[in-house]
2 protein chains.
Amino acid sequence: MEKYKKLLKENGLKITPKRFAIISYFLKNNKYFTPYEIWKFMKKKFKKIGLPTIYRNLEQFEKIGILTRVEGEENRFYYGICKKTNKKHHHHIICTSCHKISDFEICNFGQLKKQVEEITEFDIKEHHLFLKGICQNCKKGV
Amino acid sequence: MEKYKKLLKENGLKITPKRFAIISYFLKNNKYFTPYEIWKFMKKKFKKIGLPTIYRNLEQFEKIGILTRVEGEENRFYYGICKKTNKKHHHHIICTSCHKISDFEICNFGQLKKQVEEITEFDIKEHHLFLKGICQNCKKGV
DNA sequence: TTTTAAATGAAAATCATTTTCATTTATAAA
DNA sequence: TTTATAAATGAAAATGATTTTCATTTAAAA
Ligand SMILES: [Mn+2]
Ligand SMILES: [Mn+2]
Ligand SMILES: [Zn+2]
Ligand SMILES: [Zn+2]
């Protein structure tokens with residue numbers, strides 16, 4: 001958790017038990033959740049906690065790279081842990097069965113970029129690669 | 001429009017003036033819009049038209065491949081024309097300046113797939129590549 | 001022309017997300 | 001350790017996108 005303490009500090013965010021609890025929950029589960037799901041969990045540990053606090057924190061955590069936001073079922077937005085908090089370029093993959101989320105650093109978009117720019121006549125500023133699949137546990141039927 | 005007439009028919013959707021007006025609007029503009037924006041336009045041409053009708057049609061059009069849904073500004077969902085209504089694998093690129101949307105068929109994800117599967121231990125089922133950039137017109141300052 | 005299911009409008013409901021504002025708390029200065 | 005300050009928070013209400021309901025209309029097929 002030292003890493004996260006540092007990250008919060010670096011970004012001018014205060015260190016609070018609630019923030020640590022949220023981060024721990026994501027770290028422990030490696031799954032993506034809705035703000036509401038996080039709130040349900042947090043209410044067990046903190047008798048007083050509002051849903052807006054969850055929304056506010058998840059948004060900030062995404063901004064500083066601790067979490068990533070993915071579009072999951074039912075056009076809802078979910079958040080999942082983003083382990084690559086270093087600034088390295090990377091992408092995410094989710095398991096449609098258990099909602100596990102992982103990240104990986106390999107990317108070959110660079111090889112494609114020029115060609116797409118020629119065909120579309122766009123200057124490409126961002127590329128987002130998003131993968132869906134079945135994770136190892138779900139393959140094994142866990 | 002014959003192409004779209006056929007597509008609607010093939011998918012068991014009735015041919016209506018409103019549907020054609022929606023499709024024409026997307027074809028004419030090559031930009032992505034919110035359902036509300038489409039509604040504002042449609043109200044000029046049809047004195048009676050409800051927002052739910054727009055939502056319902058946009059959703060159906062996406063399902064049959066006429067439109068694609070993209071996440072644009074402010075965490076809203078937008079729809080844009082999807083020219084590649086043939087079933088060919090393709091991806092989309094949007095202009096963050098004028099909201100133009102285009103599609104292109106080249107893709108090199110196949111070369112990456114095995115490697116990502118090894119690293120992440122996922123079986124990859126879907127990949128989505130989504131690009132943002134500046135279109136030719138906006139580059140020229142139009 | 002008749003029949004039938006799909007499409008629609010109007011109104012209300014839903015529900016995720018955000019805002020407001022008074023209170024609490026982490027942090028750093030004194 | 002106090003004190004000062006801005007950030008964080010909870011409660012409640014507001015917002016706003018999207019969906020549902022249901023009676024009516026309409027396209028398409030018989
Ligand atoms: Mn990449
Ligand atoms: Mn591809
Ligand atoms: Zn899984
Ligand atoms: Zn543009």
Side-chain angles (χ1 to χ4, degrees), chain A residues 1-2 4-23 25 32-64 66-67 69-80, chain B residues 1-2 4-23 25 32-64 66-67 69-80:
Chain A
M1 290 306 274
E2 269 316 302
Y4 292 99
K5 201 167 169 176
K6 190 159 159 277
L7 262 170
L8 293 181
K9 192 160 274 179
E10 281 171 3
N11 288 280
L13 298 180
K14 291 182 177 175
I15 314 268
T16 69
K18 282 167 190 168
R19 284 185 168 151
F20 277 140
I22 294 175
I23 295 169
Y25 189 64
Y32 59 88
F33 298 102
T34 57
Y36 184 81
E37 288 170 326
I38 298 297
W39 184 56
K40 276 191 301 183
F41 162 73
M42 291 289 284
K43 283 211 293 187
K44 292 180 202 159
K45 313 197 93 179
F46 300 88
K47 43 178 164 305
K48 283 199 162 198
I49 184 163
L51 192 45
T53 296
I54 307 296
Y55 273 91
R56 290 185 280 231
N57 277 304
L58 297 185
E59 191 185 339
Q60 287 165 321
F61 290 170
E62 195 212 356
K63 223 168 258 168
I64 67 177
I66 290 178
L67 300 180
R69 204 183 64 172
V70 300
E71 189 194 330
E73 292 71 33
E74 305 173 13
N75 313 339
R76 293 281 312 275
F77 290 121
Y78 293 71
Y79 288 89
Chain B
M1 291 307 276
E2 270 315 303
Y4 291 100
K5 201 166 171 177
K6 189 158 160 276
L7 262 170
L8 292 181
K9 194 160 270 179
E10 281 172 2
N11 288 279
L13 297 182
K14 292 182 176 173
I15 314 268
T16 69
K18 281 168 191 169
R19 283 184 169 152
F20 277 141
I22 294 175
I23 296 169
Y25 189 64
Y32 58 90
F33 297 102
T34 57
Y36 183 80
E37 288 171 327
I38 298 298
W39 184 55
K40 277 191 301 183
F41 162 73
M42 292 290 285
K43 282 212 293 187
K44 293 181 201 158
K45 313 197 93 177
F46 301 88
K47 45 179 164 302
K48 282 196 162 201
I49 184 162
L51 192 46
T53 296
I54 307 296
Y55 272 91
R56 289 184 281 233
N57 278 306
L58 297 184
E59 191 184 340
Q60 287 164 320
F61 291 169
E62 195 212 354
K63 224 169 254 164
I64 68 178
I66 289 178
L67 298 180
R69 204 182 63 171
V70 300
E71 189 196 331
E73 291 72 34
E74 305 173 11
N75 312 338
R76 295 278 315 272
F77 289 121
Y78 293 71
Y79 288 88

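Each chain gets a letter, A, B and so on, in the order the sequences are listed, and its residues count up from 1. Reckoned from all heavy atoms, side chains included, excluding hydrogens, waters and symmetry mates.
Rounded to a whole Å, the CH2 atom of A/Trp39 is 13 Å from the C1' atom of C/dC15. In this structure, CZ of B/Phe20 is placed 12 Å from P of D/dA27, rounded to the nearest angstrom. Here D/dG10 presents its P atom at 8 Å from CD1 of A/Ile54, a figure rounded to the nearest Å. Per the geometry, OH belonging to B/Tyr79 stands 14 Å off P belonging to D/dA17, to the nearest Å. Distance B/Leu51 CG to C/dA12 P: 16 Å, rounded to the nearest Å. Whole-Å rounding puts the A/Phe61 CZ to D/dA8 C1' distance at 11 Å. One interatomic measurement links the two molecules: CZ of A/Arg56 to C1' of C/dT20, which rounds to 10 Å at whole-angstrom precision. Between the C1' atom of D/dA17 and the CD1 atom of B/Ile38 lies a distance of 16 Å, rounded to the nearest Å.
Note on B/Tyr55: a side-chain N or O is less than 4.0 Å away from OP1 or OP2 of D/dT18. Contact annotation: A/Lys18 reaches the phosphate of D/dG10 (side-chain N/O to OP1 or OP2, under 4.0 Å). The phosphate of D/dT25 has neither OP1 nor OP2 within less than 4.0 Å of any side-chain N or O from B/Lys48. Put simply, A/Thr16 has no side-chain N or O that comes within less than 4.0 Å of OP1 or OP2 on C/dT25.
To the nearest 0.5 Å, atoms CH2 (B/Trp39) and NZ (B/Lys44) are separated by 13.0 Å.
The base of D/dG16 lies outside donor-acceptor range of the side chain of B/Arg76, with no N or O pair under 3.5 Å.
In terms of heavy-atom proximity, A/Met42 sits nearest to A/Ile54 at CG-CD1, 4.0 Å. The nearest pair of heavy atoms linking A/Ala21 to A/Phe46 is CB-CE1, 3.8 Å.
A salt bridge between B/Arg69 and A/Glu71 is present, with a side-chain N of the basic residue lying under 4.0 Å from a carboxylate O of the acidic one. Taking the charged nitrogens against the carboxylate oxygens, A/Lys6 and A/Glu10 do have a contact shorter than 4.0 Å, which makes a salt bridge.
Toward the 5′ end of DNA chain C lies the nearest nucleotide of B/Leu13, the other residue of the pair B/Leu13 and A/Lys9 mapping further downstream. Toward the 5' end of DNA chain D, the nearer of the two residues B/Lys14 and B/Tyr36, judged by each one's closest nucleotide, is B/Tyr36.
A/Arg19 comes within 4.0 angstrom of the backbone, heavy atoms only, and of no base.
In the set D/dT20, D/dG10, C/dT17, D/dT20 carries the atom at the smallest distance from any side-chain atom of B/Pro52.
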